[in-house]
Undergrad: 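This is the structure I have questions about; it appears just below.
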Number of protein chains: 2
Amino acid sequence: MGFFSKTCEYAMRAVIYIAVRSQEGQRTGIREIAENINSPEHFLAKILQKLSQQGLVLSIKGPHGGFYIDAPGLQRPMADIITALEGNELFTGCGMGLSYCSENNPCPLHEDFKIVRNQITSMLYKTTIGEFNREHLNGKLTLNK
Amino acid sequence: MGFFSKTCEYAMRAVIYIAVRSQEGQRTGIREIAENINSPEHFLAKILQKLSQQGLVLSIKGPHGGFYIDAPGLQRPMADIITALEGNELFTGCGMGLSYCSENNPCPLHEDFKIVRNQITSMLYKTTIGEFNREHLNGKLTLNK
DNA sequence: TTAATAAAAGATAAATTTGTCCTTTATTTG
DNA sequence: CAAATAAAGGACAAATTTATCTTTTATTAA
């Protein structure tokens, strides 16, 4: 059980990769992205299709086409990727899966879990899609293994 | 996407329920547990089978048999439930699913994610299986909806 | 305007998780 | 001992997630 689903993992890696390439003024094809983030190409295509439909990434068909992200897009938080693909259950749901868990009706882990959830939420909202650049990837950061 | 898998959700709820009943000196059958934590009975049976094999819960067959947890068992951390069922990927894995992500080779979310993971880890290790009792369940706490 | 390129879209398949059912084994009680 | 009880275990089925393959549509460039 990974923390995020494969779908979200691939999506985050892909979007960061596209963001880096976009800041270099390049559009990127699926092949290149999949190779660089180590994901199944066709599965990733489906994911990017969804993100594209929701306007999280932009795309152009045909020669020299590919995916890219514009300046406003680069300012959006990582959280938007998760939300676009799986809604906001991660940010709101009960840790033990109880639908009526709430302040008034808490599960045993409610209080502690609130802290964890807030931490995740703030991590994903404060980190923007565009805050990683080529230097990061040329340094210690990695996306593909 | 829930935070934990259904398996872990049911397991945590079931173990807490068994712990409460054990502290009342009672063994509990699968039927009763499933009803009280709102889980599919047979699926839960499989889960408890695994937890029983690993010694996390104890069981006795036949009339007046059922599941229970002894005093040392009640002292164990909730984390043991997760580990018993799915290993410790949750406590060690990279948020973006990268196998070689580490201090020397971090993914873009590495630093923030470390904080989140530590919080989860400490939540699950500091909370013991036996720390909830009937008063909790009769109060605001809930396990079944 | 034709050929090549690349994403969009649809169909299908494999793998995993979740859920159900049935038989066997162990234990208790009458 | 026989009948009843309850977990253990095995087989199977449904649902979801992950992955693959093929066709269509849009765009570019020769």
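Values below: every heavy atom of this structure, side chains too, minus hydrogens, waters and symmetry copies. All chains are named by letter (A, B, ...) in the order of the sequence lines, taking the proteins before the strands, and each is independently numbered beginning at 1.
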Undergrad: Identify the heavy atoms of M12(B) and F4(B) that sit nearest to each other, and give their distance.
TA: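 Between these two residues, the closest heavy atoms are CE-CD1, 3.5 Å.
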
Undergrad: For Y10(B) and dT18(C), give me the distance from atom OH to atom P, rounded to whole Å.
TA: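 The distance from OH of Y10(B) to P of dT18(C) comes to 8 Å, rounded to the nearest Å.
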
Undergrad: Taking atom C1' of dG9(D) as reference, at what distance in whole Å does atom CG of L44(B) sit?
TA: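 The answer, rounded to whole Å, is 16 Å.
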
Undergrad: K61(B) has a side chain; which of dT28(C), dA6(D), dA19(D) sits nearest to it?
TA: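 Nearest to the side chain of K61(B) among the choices is dA6(D).
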
Undergrad: Check every atom of dG19(C), dA29(D), dT29(C) against the side chain of H64(A) and return the nucleotide holding the closest atom.
TA: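 Closest of the options to the side chain of H64(A): dA29(D).
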
Undergrad: So which nucleotide from dT20(D), dG19(C), dT20(C) ends up closest to the side chain of H42(A)?
TA: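 Closest nucleotide to the H42(A) side chain: dT20(D).
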
Undergrad: Rounding to a whole Å, what distance do you find between E89(A):CD and dT17(D):C1'?
TA: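 Interatomic distance, CD of E89(A) to C1' of dT17(D): 15 Å.
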
Undergrad: Under 4.0 angstrom, heavy atoms only, what part of the nucleic acid is S39(A) near: base, sugar-phosphate, or nothing?
TA: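 No contact.
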
Undergrad: Does a side-chain N-to-carboxylate-O contact under 4.0 Å join K114(B) and E103(B)?
TA: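 Counted as a salt bridge, because a side-chain N and a carboxylate O are separated by less than 4.0 Å.
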
Undergrad: Are OP1 or OP2 of dT17(C) and a side-chain N or O of T7(B) less than 4.0 angstrom apart?
TA: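 So the side-chain polar atoms of T7(B) never come under 4.0 Å of the phosphate oxygens OP1 or OP2 of dT17(C).
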
Undergrad: Assess whether one donor atom and one acceptor atom, taken from the side chain of K6(A) and the base of dT17(D), lie less than 3.5 Å apart.
TA: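 Absent.
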
Undergrad: Which atoms form the tightest heavy-atom contact between N36(B) and N144(B), and what is the distance?
TA: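 Smallest heavy-atom distance, with atoms named: O-CB, 2.8 Å.
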
Undergrad: Using modelled atom types only, decide if a donor and an acceptor are shared between the side chain of R13(B) and the backbone of I37(B) within a distance under 3.5 Å.
TA: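 A pair under 3.5 Å: yes.
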
Undergrad: Rounding to an integer number of Å, can you tell me how far Y68(B) OH sits from dT27(C) P?
TA: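 About 11 Å, once rounded to whole Å.
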
Undergrad: Looking only at non-hydrogen atoms, find the nearest pair between I16(B) and M78(B) and report the distance.
TA: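 What the structure gives for the nearest pair is CD1-CE, 3.9 Å.
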
Undergrad: Taking only N and O in the side chain of S59(B), is any of them less than 4.0 Å away from OP1 or OP2 of dA8(D)?
TA: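 Result: yes.
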
Undergrad: Rounding to a whole Å, what distance do you find between K50(B):NZ and dG19(C):C1'?
TA: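 Going from K50(B) (NZ) to dG19(C) (C1'), I get 13 Å.
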
Undergrad: So what does Q53(B) hit on the nucleic acid, given a heavy-atom distance under 4.0 Å: a base, only sugar-phosphate, or nothing?
TA: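 Result for Q53(B) = sugar-phosphate.
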
Undergrad: Within this structure, what is the CD-to-C1' distance between Q54(B) and dA8(D), rounded to whole angstrom?
TA: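 Computing the Q54(B):CD to dA8(D):C1' distance gives 15 Å.
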
Undergrad: Assign L48(B) to base, sugar-phosphate, or nothing according to its heavy-atom contacts below 4.0 angstrom with the strands shown.
TA: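 Counting heavy atoms under 4.0 Å across all strands, no contact is made by L48(B).
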
Undergrad: Assign each of P63(A) and Q49(A) to its nearest nucleotide of DNA chain C by heavy atoms, then name whichever residue's nucleotide is nearer the 5' end.
TA: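 The residue whose closest nucleotide sits nearer the 5' end is P63(A).
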
Undergrad: What is the distance, to the nearest angstrom, from the CD1 atom on I30(A) to the P atom on dA19(D)?
TA: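 Interatomic distance, CD1 of I30(A) to P of dA19(D): 15 Å.
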
Undergrad: Would you say the side chain of K46(B) and the base of dG10(D) hold a donor-acceptor pair, judged only by whether the two atoms sit under 3.5 Å apart?
TA: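 For K46(B), whose side chain was compared with the base of dG10(D), there is a donor-acceptor pair (under 3.5 Å).
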
Undergrad: Separation of I60(A) atom CD1 from dT28(D) atom P, in whole Å?
TA: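 My rounded result for the distance is 7 Å.
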
